[in-house]
Amino acid sequence: LAAALALFPQDGAVEPVSSGFAILSMPLLIRPWLLARRLARSLPAAFEDRFGPVEPLSRPGAPARAAPLQLSGLFGFASPGVQTTRLKFAEVGGQTLFLDLHRPRGVTGRLPVVVSIHGGSWQRGDPTQVSWLNRYLAARGVVVAAIQYRFAPKHVFPAQRDDVVSALDHLTAHAEALDLDPDRIVLLGRS
């Protein structure tokens, strides 16, 4: 509103009015940032209350961010030493389904797994979506399995859910060969 008033001045009184609206809108602009900061401070304690103490997963060369909210996140984060491998996990109705396995290079032993389900309303997309996040997590000591699923409307629900379950079954069945900890698997979905 303030910008519109400034573009179409009608008399000398418009400028103070638009300035007043701009000043009044500042709290609305700042409020989400303040709420996010407060949540970021309380989240670790709330997480520990719910799930117990958690050791941070990190390794040399892949530092954690200095703060939960950073402007550098707009441009991606450093993810050194990540190896990505594409694996077949299922064949359904003549369609082969793959997953991209991102793991920290040079780290041995069974690692926790984040199964990343890409966005696209079950209708589009692929496992490479937001690959910077998958590499970021992998660089910090977890294995990320970014999975593929069949698309609607050609494949009606619950086909997509079944594909996610199939990927989980594959990862669990091959946990030893892939150096995965089958007792520490979480899902990460985006849409």
Side-chain angles (χ1 to χ4, degrees), residues 1-82 84 100 102 104 111-149 151-153 157 160-161 164 184-191:
L1 180 60
L5 289 173
L7 287 175
F8 304 105
Q10 295 159 354
D11 59 31
V14 173
E15 187 176 313
V17 171
S18 63
S19 297
F21 277 119
I23 291 168
L24 289 174
S25 68
M26 291 305 290
L28 294 174
L29 179 68
I30 296 171
R31 186 174 185 271
W33 182 77
L34 293 173
L35 291 173
R37 280 190 55 156
R38 185 174 56 182
L39 177 63
R41 286 190 192 126
S42 65
L43 195 56
F47 188 87
E48 191 165 319
D49 286 347
R50 178 77 172 137
F51 299 106
V54 177
E55 288 183 33
L57 293 170
S58 188
R59 62 186 201 90
R65 290 179 286 160
L69 299 173
Q70 288 184 319
L71 288 179
S72 63
L74 298 174
F75 309 107
F77 297 102
S79 300
V82 174
T84 302
D100 290 341
H102 305 274
L111 297 175
V113 183
V114 174
V115 176
S116 177
I117 306 162
H118 68 80
S121 303
W122 298 126
Q123 299 176 55
R124 61 192 159 277
D126 64 70
T128 63
Q129 285 182 340
V130 197
S131 61
W132 65 267
L133 177 61
N134 298 335
R135 290 190 314 273
Y136 176 83
L137 293 171
R140 279 138 187 93
V142 300
V143 173
V144 178
I147 69 167
Q148 179 184 19
Y149 53 79
F151 296 146
F157 190 83
Q160 298 77 21
R161 182 208 54 207
V164 173
R184 295 193 295 168
I185 297 178
V186 298
L187 298 178
L188 168 68
R190 41 175 107 66
S191 183

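Throughout, numbering of the chain's residues begins at 1 and tracks the sequence.
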Query raised in the report: So do the side chains of T84 and N134 get within less than 4.5 Å of each other, counting heavy atoms only?
Result: no
Query raised in the report: For Q129, which residues count as a side-chain contact (heavy atoms from CB on, under 4.5 Å) partner, sequence neighbours excluded?
Result: H118
Query raised in the report: So do I117 and W122 actually touch side chain to side chain, heavy atoms under 4.5 Å?
Result: yes
Query raised in the report: Is the side chain of R37 donor-acceptor paired with the backbone N or O of W33 at a distance under 3.5 Å, no angle test?
Result: no
**Report entry** Working for side-chain contact (heavy atoms from CB on, under 4.5 Å), residues L188 and L133
**Finding:** CA-CA 11 Å; L188 168 68; L133 177 61; 4.1 Å; yes
Query raised in the report: What are the two closest heavy atoms between A138 and P104, and how far apart are they?
Result: O-CB, 3.2 Å
Query - Over all atoms of both residues, closest heavy-atom pair of Q160 and A152 - result: NE2-N, 3.4 Å
Query - Heavy-atom side-chain contact between L111 and V142 under 4.5 Å - result: no
Report summary line: The side-chain contact (heavy atoms from CB on, under 4.5 Å) partners of L24 (sequence neighbours excluded) come to none
Query raised in the report: G120 and S191: which non-hydrogen atoms are nearest, and at how many Å?
Result: N-OG, 4.4 Å
**Report entry** Partners meeting side-chain contact (heavy atoms from CB on, under 4.5 Å) with S25 (sequence neighbours left out)
**Finding:** none
Query raised in the report: Between the side chains of S131 and R135, is a donor N or O closer than 3.5 angstrom to an acceptor N or O?
Result: yes
**Report entry** Side chains of R38 and L35 in contact at under 4.5 Å (non-hydrogen atoms)
**Finding:** yes
Query raised in the report: Can you tell me how far CG of D126 sits from CG of D100, rounded to the nearest 0.5 angstrom?
Result: 8.0 Å
